[in-house]
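Below, each value reflects all heavy atoms present in this structure, side chains not excepted, and no hydrogens, waters or symmetry copies. Per chain, numbering begins at 1; letters A, B, ... match sequence-line order.
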Amino acid sequence: MTAPLDVPGAAEQAVPEAVTAGMGRAIEGRSLWQIAWRRLRRDKVALAGGVVIVLLVLVAIFAPLIVQLLGHPPLEFHYDQIDPDLQISPAPFGGISREFLFGVEPVNGRDIFSRVVYGARISLLVAFLATLVAVVIGTVAGIVAGYYGGWIDSLISRTMDVFLAFPVLLFALALAGVITDGSFGLSGDTLRIVVIIAIIGFTSWPYIGRIIRGQALSLREREFVDAARSLGARTPRILLTELLPNLVAPVLVYATLLIPTNILFEAALSFLSVGIRPPTPSWGGMLSDATHWFQIAPNFMLFPGLAIFVTVLAFNLFGDGLRDALDPRGR
Amino acid sequence: MAEDVLAGAPESGPAPRPSGSGRPFLDVRDLRVHFPTDDGVVKAVDGLSFSVERGKRLGIVGESGSGKSVTSLSIMGLHKRGSARISGEIWLGDDELVAADPERVRRLRGETMAMIFQDPLSAMHPYYTVGDQIMEAYRLHNDVSRRAARKRAVELLDRVGIPRADARVDDYPHHFSGGMRQRAMIAMALSCNPQLLIADEPTTALDVTVQAQILDLIVDLQAEFHTAVVIITHDLGVVAELADDILVMYAGRAAESGPAVDVFTEPRHPYTWGLLGSVPRWDRERSERLLPISGSPPSLINVPPGCAFHPRCPYADRNGDRSRTERPELVEVGPRHLAACHMGLEERATLFHDEIRPKL
């Protein structure tokens with residue numbers, strides 16, 4: 001009869017399964033992240049990119065300390081280093097020496113090394129925060145569009161199209177003219193940084209939004225979503241606990257690939273003097289200043305350019321490696 | 001519980017309901033689920049009625065595309081609004097689900113009705129541990145602490161026969177074997193003691209040796225919790241093992257329904273004969289070939305006129321043109337036993353006994 005339930009019987013029947021599973025435990029189950037980390041560790045190029053990124057972040061954080069040890073304050077003028085007639089350093093290689101590791105700027109003799117180091121702060125800060133803005137907006141918009149579909153999807157997708165078709169640089173140039181110091185209760189560099197982050201963030205979210213929408217579109221048809229609904233889960237819960245964890249990998253990969261794009265974007269804006277205003281050092285701004293001098297003082301252009309190049313390359317290599325490591329099929 | 005006495009009884013007739021409304025616990029009436037598409041309206045379910053009492057097991061059998069799963073998803077209210085047009089009535093206890101507020105149906109999901117899916121690997125979330133997912137299911141409807149929910153999850157896993165449940169509760173679904181995953185899935189579905197359990201091909205993705213264990217488990221738990229169970233399958237062996245009643249579906253409608261014993265021993269629809277003839281039997285000589293049903297399932301956009309089964313039915317010519325022009329209604333052919341066929345009842349009985357049964 002069914003009344004006295006034979007629990008031990010049921011457990012007994014399950015023994016063959018338990019045995020196989022028990023053997024599996026000896027091998028130690030690995031989570032997706034452990035597997036990804038193991039694969040990433042084998043990818044030396046990506047690892048090198050990761051190391052460079054960590055170093056750059058450390059440089060940005062400890063910029064004052066580094067400059068104190070190895071250079072001069074970034075805003076300090078050194079007219080004694082400048083030939084009054086040529087307006088550049090009379091020393092060979094643009095004045096590269098023990099004291100000025102990357103040489104000195106033409107005209108005012110500022111320490112290029114210190115300015116590149118401080119420039120890392122602006123570049124990374126803007127790139128990280130703008131990417132964060134893009135990722136948050138893009139993920140929310142993409143997940144909502146993909147899961148709900150219908151007119152909500154159409155609305156969000158068309159909005160993305162509009163943003164993608166936007167002439168961003170022209171818009172940024174115009175905006176820089178309109179926004180005066182003191183707008184939004186902010187001033188100086190803070191205002192500039194916020195404006196740049198807003199411009200970059202709001203124009204790059206549709207890229208990530210499209211990717212996430214596509215993923216959400218296929219994820220919502222998966223059976224575990226139906227299973228969660230069959231247990232009575234509400235829609236927000238399904239979006240957050242069922243869909244989002246599956247989107248972490250693509251979001252992470254895309255974010256690491258978006259950061260270098262945003263570094264270049266920030267440099268471009270600063271180059272067009274829409275971004276950070278002098279005298280605050282930024283890589284793009286330095287490149288812009290250096291255009292007049294690159295024939296007689298190439299070091300002024302070389303070092304900020306090299307900084308951008310290395311940073312972008314490092315992020316791209318790391319992002320590529322991360323994508324390979326997180327792709328379950330890319331074994 | 002007083003009703004527990006009824007659980008083992010083979011035939012309890014119209015069981016008394018606690019609410020006293022005289023309606024079976026799950027009562028589906030004239031359910032129609034249509035999907036408008038560019039090619040036309042897909043009539044996945046077209047006028048289906050059946051009922052299940054608490055403590056009873058109904059097996060819904062049919063080919064792919066006969067509307068079995070669409071029916072179960074309609075009961076659960078899992079069809080996307082906008083894409084499916086649902087009409088008819090689905091009564092679950094005192095709630096009518098088709099016209100009900102989606103939020104009301106959501107509350108009933110998990111708590112009053114729950115579902116077991118075909119493939120437990122794809123139905124469990126790969127990122128969370130098995131225990132987390134059971135706790136999650138329990139906490140959706142019960143305001144309890146994580147610790148209490150965890151205790152419940154361990155209890156449930158133990159109950160469904162997972163050895164060392166207190167350790168395995170922290171494993172991920174991919175650490176479990178297929179059979180254990182289905183057990184865990186059952187534990188999740190049962191976390192809130194649902195009164196209706198729908199199992200959509202619960203053993204199709206499993207090894208045959210594990211299938212019987214899972215079916216036994218469902219039967220045991222159903223008796224223990226006095227649940228109404230709907231098992232959807234294309235495997236007659238599964239329903240033979242555990243269903244009290246059988247509903248044979250063809251092209252979105254019921255072809256035959258009745259107590260399992262009657263449908264198996266005295267089937268009165270040529271489609272049911274065909275299904276029975278295509279089942280391998282270990283107690284027959286190997287030399288005989290299985291008898292497949294000729295033809296293929298009908299398009300649900302252009303359902304054949306008259307009896308939907310007529311293009312594949314070897315006996316369609318026996319009624320003149322009726323099978324091609326007039327849709328047969330479900331008619332009582334025995335106690336609680338219904339079949340939809342134009343052939344005379346006597347004729348069918350003779351046919352089955354003389355021609356069909358000897359070949360089964």
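For B:A212, no part lies near chain A; criterion is any non-hydrogen pair under 4.5 Å. For B:P126, the part lying under 4.5 angstrom from a heavy atom of chain A is the side chain only. Neither the backbone nor the side chain of B:D207 comes within less than 4.5 Å of any heavy atom in chain A. With a 4.5 angstrom heavy-atom cutoff, A:R234 touches chain B via backbone and side-chain atoms both. With a threshold of 4.5 angstrom between heavy atoms, B:M185 approaches chain A through side-chain atoms but not through N, CA, C or O. In this structure, chain A has a heavy atom under 4.5 Å from the backbone of B:M124, while its side chain stays farther away.
Classification of A:D324 and A:R39 as a salt-bridged pair fails, no side-chain N sitting under 4.0 Å from a carboxylate O. Using a 4.0 Å cut-off between charged nitrogen and carboxylate oxygen, A:D153 and A:R213 count as a salt-bridge pair. Ion pairing of B:D132 with B:R146 is present here, as a side-chain N (NZ or NE/NH1/NH2) and a carboxylate O approach within less than 4.0 Å.
The candidate with the highest count of non-hydrogen atom pairs below 4.5 Å against chain A, out of B:L108, B:L73, B:L140, B:I116, is B:L140. Taking B:P120, B:G110, B:A137, B:S122 one by one and counting their heavy-atom pairs under 4.5 Å with chain A, the maximum is reached by B:S122. When B:E111, B:Q118, B:E136, B:M115 are compared by the number of non-hydrogen pairs under 4.5 Å with chain A, B:E136 comes out ahead. Counting heavy-atom pairs closer than 4.5 Å to chain A, the top residue among B:H141, B:R107, B:Q133 is B:H141.
Note on ring orientation: taking the six-membered ring where Trp is involved, the planes of B:H174 and B:Y172 are parallel (angle under 30°, cut-offs 30° and 60°).
With A:F315 as the partner, the side chain to side chain contact (heavy atoms under 4.5 Å, CB included) test is satisfied by one option alone out of A:V310, A:D320, A:I259: A:I259.
Atom NE2 in B:H79 sits 10.0 Å away from atom CG in A:D226 (nearest 0.5 Å).
Both tests hold for B:R152 against B:Y138: distance to the six-membered ring centre under 6.0 Å, angle to the ring axis within 45°.
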